[in-house]
Each structure stands twice: as C-alpha cells, then as structure tokens.
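Have a look at the structure below, then the notes.
Along the sequence shown, the residues carry numbers beginning at 1. Only heavy atoms go into these numbers, but all of them, side chains included; no hydrogens, no water, no symmetry mates.
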Amino acid sequence: MLSLNFIRENPDVVRTAAEQKNAAIDIERLLELDGEVRELKSRIDELRRQRNEISASFKTADPAERPALGAKAKAFGAEAAEAEAALAEKSEALNGLLLRVPNIPWDGAPVGRDESANVVIRTEGTPPEFGFEPRDHVALVEMNDWADLGRITQVAGSRQYCLKGRLALLEQALMFHAQQRLAADGFTLMTVPALAKPQAFVATGHFPGHEEEAYQIEKDDLYLAGTGEIALTSLHSGEILEASQLPILYAGYSPCFRREAGSAGRDVRGLLRVHQFYKLEQYVICEDDPEVSAEWHRRLLANAEALLKDLEIPYQVVETSTGDMGLGKFRMNDIESWVPSLGKYRETHSCSTLHDWQARRANLRWRDGERKVRFAHTLNNTALASPRILVPLLENHQQADGRVRLPKALQALMGGEYL
Ligand SMILES: Nc1ncnc2c1ncn2[C@@H]1O[C@H](COS(=O)(=O)NC(=O)[C@@H](N)CO)[C@@H](O)[C@H]1O
C-alpha cells in the first residue's frame, strides 16, 4: 500500500507503475473517493460543532426557545449520522482500491510484461559435464527408493510425495545446515505456523488477488500460508518498535501450502512443484531508509548464494521484470539453479525489497530518534525450500551408477561422501 499523500502528489508515477506491473487500477476513481471521504469528514466535524454549540446554548436559552433548539440539535445529529454512513461506505471503497495500488518498481528493473523480460545479472558455477547419460531426479529417487511419488497420491492426491530414508534425512540436514548458517549471521531462528487469518494475507499483499492459491479452512476463518513470510509480516502488527529493536532478523521455518491453481500441467512430474513443502525464510524488518533496505537486499541475496555454493549447485541471479516481480515489490531478484534433466536454470529462491508497502498494510511501525512514529521497511528471501532444492542437488551430483555424491558441506552431517 502506498500513502494517500504520495498518490495525490504523484498520480502519473503510480499510473505508470500500474501499467508496468499489469495492475489495472483506476487512479481517477481512487482520487475522487479520496476527495469525497475528506469532504464528508469535514462536513461531519462541522455538523458536530454546530450540534455541540446548540447543546451548549441550551442551558442558558429562554425556556420558550428550548423545543426549537432541541429540534435543531436533533436535525444536525440526524444529518451527521447520515454523513457517517456515507463515510463508512466511501472509506471501504477507497481502502479496497488502495490495497490494489502497486509499489513503484526501482528504476533498474527491466520493464516487461512477465518473466520473459527478466535479465540474468550473474552466473556462478559451471553445469556439470557427465561422462554418461544423466538421469532426472525422479529416476534417481526411484532407483534408490528415496521417495514415494505414487502410492501416496491415493492418500493425498496429486503433487504429493513422501521422502524416504537418506533423502528424508538429507532434507533435515539441509535445513539444519541453513539454520546454523543464518543463526551465525545474526538471524533469530523461528518455527512459524502455516495457519493464518485472512488479514495476514492482506498484510503481505497475497490478498486481494491470490485467494485462489491458498487452501481455506472455512470452519475457522483461517487459510494455510504458502510461505512463512505471511506469519512473519504480521507478527509485530500494531506494535511501535523501538529503533534499538531494529533490524529484526528472522529465519522462519514452516510448512508451506500452495494450491498451484494456475499451474495445471506444469512440473507435474516429481518434486519441483508440490502442494506442501518446507521453507526456511529469511525475513527483515528495518528502518524506512532505502539505503538500509538496499544493504539488506544484498545480504539476503548473499546468504542464499552462499548456501547454493555450500551445496555446489550452479546457479544464476536474475533481475526480475516489472511484470514478473508482483504488486508489492520495489525490487526482486530470483536465483535459478541448474537442472540438468531440463537443460535449464529453474527458480529456487526469490529475494524481495518491499520498502513500506507491506508495513502500511500490516500497521508495522517504529519510533525514530526524534520520537517520530514511521512505517518500517520489510524484505524477504528464500534461504532454502525443499523438496525443490533436492532436484538440482540430486541431478548435479549424480554418478553413473545412480549414486549421488554429497557436497562437502553436508558430508559430516550425513556421515559419508555419498547420499
Ligand atoms: N509449489 C511449490 N513446490 C515446491 N517449491 C515451491 C513451490 N512454490 C514455491 N516454491 C519454492 O519456494 C520458493 C519461494 O517461493 S516464492 O513464492 O517465490 N517466494 C516466497 O515465498 C518469498 N516469501 C521468498 O521465499 C521458490 O523459489 C521455490 O523454491
């Protein structure tokens, strides 16, 4: 959400951002509602003032005039009540539009409709040259009995899986390794719930607009979150944080649930795109200084790249386009890991700077050195998301005989050189 002041003073900037983000938004209607709301508020104040003036004069008035004064006070009161009803309706309509106003993308973002406009800015590691016909991760998993990708679907439906044996252990080792690294970097480890109230999805920007992607628990007015970002964004909602508490650094571990409603037919084989997965989420709440946010963006990206280097997975960093980054982002960099069986890089991490766009929706504020209360900035990036990360991990490190060599960083934890 952007401030009304910013929208009033920069309607063309907002209009351009909306076009660049394929976000149809009627700025004229929004500004018209804004005007009507302000007018109604001043009318209500005036009516209240006049009614209070009459009530005040009542005690000293000539008894004969009291009935007329009483009638006038009543009339002002009735008009104020009518204006208040209109104000509630207009304010709700205005807020509905404000929630759909995109953040302004940074000027280095490639302008384009979707991911085809994304630009690779850095490539690390070299895709392996196998001296044999490499297998895809499904074949590797099946030949080593490292997962159940079939039987389980009769229990849980499509896009479900069970990890088994050493691969189940590897997922835990990966998450433990990543948590150790983030804890050492000053992040507070958190396990966070996937169950969340609708308001928490509004705070991050998932709602309105992406309701279809979330599983809904209607009986309890709850939804299942697709990312730990949802719990972490609203954890401090309504508080006024002290400068001494910032930056808040969370490494949130949670199950993530996604309906993948829009992905029919894509990645249906294996572990790339499933309904339930596990993610360690890097999350930052910092002061509302673009320079500070830029530094944390760099740090979050560096942490994810360091983990990929630990896993010895070749990857590339992508500058996402205005059309691909999503409504609330100022800047987003995806990291894509090399998947040999696909012969291409696939997204495994997504690093975002949102400035105060989420903080305004989440009512996330802090008190600066001059005691001024301001909205904070938020950022998030994937540290690791499993089982998707297992796909490049297994495929890049596979041997001719179907064994998988473990990255050095995991050999001690896993008790050996091979999975
Ligand atoms: N359906 C899915 N199945 C498996 N992994 C997924 C799925 N959806 C997303 N992921 C993983 O989760 C990562 C982060 O998802 S994201 O939507 O891109 N971004 C976020 O959720 C942010 N909060 C940063 O983590 C993706 O890069 C991918 O590695």
Side-chain angles (χ1 to χ4, degrees), residues 134-181 189 191-194 215 224-228 251-260 263 266-281 304 307-308 310-313 337-342 346-349 382-399 401-419:
R135 296 177 172 88
D136 76 355
H137 76 282
V138 175
L140 289 167
V141 149
E142 284 170 352
M143 73 187 286
N144 291 289
D145 194 22
W146 282 334
D148 178 316
L149 301 176
R151 207 177 286 107
I152 190 58
T153 56
Q154 68 192 21
V155 177
S158 66
R159 294 189 190 278
Q160 289 285 10
Y161 61 98
C162 300
L163 299 184
K164 290 170 72 175
R166 294 276 291 167
L167 191 60
L169 188 67
L170 178 62
E171 180 178 78
Q172 299 307 315
L174 280 169
M175 290 300 177
F176 182 67
H177 173 78
Q179 289 181 72
Q180 275 189 314
R181 178 178 270 282
L189 302 185
T191 62
V192 292
Y215 289 100
L224 284 175
T227 171
Y253 181 71
S254 74
C256 303
F257 297 87
R258 300 192 186 195
R259 295 189 63 242
E260 292 297 339
S263 314
R266 284 174 57 199
D267 307 319
V268 290
R269 190 171 143 75
L271 298 170
L272 271 174
R273 191 181 295 273
V274 293
H275 287 313
Q276 177 179 338
F277 60 99
Y278 298 85
K279 177 159 58 57
L280 181 64
E281 179 82 350
L307 281 166
L308 284 170
D310 285 351
L311 302 183
E312 301 166 36
I313 293 174
S337 298
W338 177 251
V339 179
S341 64
L342 301 175
R346 287 299 303 272
E347 182 211 311
T348 50
H349 296 72
T382 319
L384 280 184
S386 177
R388 183 175 291 188
I389 195 64
L390 299 177
V391 175
L393 189 62
L394 294 173
E395 293 197 13
N396 280 293
H397 300 316
Q398 65 179 294
Q399 310 296 302
D401 60 3
R403 285 183 307 159
V404 169
R405 192 186 57 76
L406 289 167
K408 286 179 194 53
L410 291 174
Q411 288 180 9
L413 215 47
M414 290 296 291
E417 193 184 347
Y418 291 89
L419 181 54

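The main-chain N or O of G252 is never found under 3.5 Å from a side-chain atom of E281 such that the two would form a donor-acceptor pair. Judged by distance alone, with hydrogens and angles left aside, the side-chain atoms of R266 form no donor-acceptor pair with the main-chain N or O of E260 at under 3.5 Å. When atom types are taken as modelled, the side chain of R135 and the backbone of L140 share no donor-acceptor pair closer than 3.5 angstrom. Distance alone, capped at 3.5 Å, is enough to place a donor-acceptor pair between the R388 side chain and the L272 backbone. Under a 3.5 Å cut-off, the side chain of H397 and the backbone N or O of L311 do form a donor-acceptor pair.
Across all non-hydrogen atoms, the minimal contact from L149 to T153 is O-CG2, 3.8 Å. Shown here for N396 and P340, the closest heavy-atom pair between the two residues is OD1-CG, 3.5 Å. L307 approaches A383 most closely through the heavy-atom pair CD1-O, 3.6 Å. The two residues W146 and L394 make their nearest non-hydrogen contact at CZ3-CD2, 3.9 Å. Taking each heavy atom of A194 and P255 in turn, the nearest pair found is CB-O, 3.6 Å. Summarising the geometry of R269 relative to H137, their closest heavy-atom pair is O-CE1, 3.9 Å, with the distance given to 0.1 Å.
Atom CD of residue E142 and atom CG of residue D148 lie 9.5 Å apart, to the nearest 0.5 angstrom. To the nearest 0.5 Å, atom NE2 of residue H275 and atom CG of residue L224 are 12.5 Å apart. Going from atom CG of L280 over to atom CG of L174 covers 11.0 Å, rounded to the nearest 0.5 Å. In this structure, CD1 on I389 lies 12.5 Å from CZ on R346, to the nearest 0.5 angstrom.
Residues that satisfy the side-chain hydrogen bond (donor to acceptor under 3.5 Å, both in side chains) test with Y253, not counting sequence neighbours, are absent from this structure. In this structure R181 satisfies the salt bridge (charged side-chain N to carboxylate O under 4.0 Å, His left out) test together with D310, sequence neighbours excluded. Residues satisfying the side chain to side chain contact (heavy atoms under 4.5 Å, CB included) criterion with T382, sequence neighbours excluded, are K279, H349, S350, A385. Evaluation of the side-chain hydrogen bond (donor to acceptor under 3.5 Å, both in side chains) rule for R159 yields no partner, not counting sequence neighbours.
Pairs of residues two or more places apart, or lying in two chains, that qualify as side chain to side chain donor-acceptor pair (under 3.5 Å) and include a residue from residues 401-416 are E312-R405, D401-R403.
Side-chain contact between P134 and Q398: present, with at least one pair of heavy atoms (C-beta onward) separated by less than 4.5 Å. At least one side-chain heavy atom of L393 sits under 4.5 Å from a side-chain heavy atom of P407. Looking only at side-chain heavy atoms (C-beta outward), L308 and S337 come within less than 4.5 Å of each other.
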With a 3.5 Å cut-off and sequence neighbours excluded, list the donor-acceptor pairs that the side chains of residues 163-173 form with protein atoms.
{"residue": "K164", "atom": "NZ", "partner": "D145", "partner atom": "OD1", "Å": "2.8"}
{"residue": "K164", "atom": "NZ", "partner": "D145", "partner atom": "OD2", "Å": "3.3"}
{"residue": "R166", "atom": "NH1", "partner": "M414", "partner atom": "O", "Å": "3.0"}
{"residue": "R166", "atom": "NH2", "partner": "M414", "partner atom": "O", "Å": "2.9"}
{"residue": "R166", "atom": "NH2", "partner": "Y418", "partner atom": "O", "Å": "3.1"}
{"residue": "E171", "atom": "OE2", "partner": "S386", "partner atom": "OG", "Å": "2.6"}

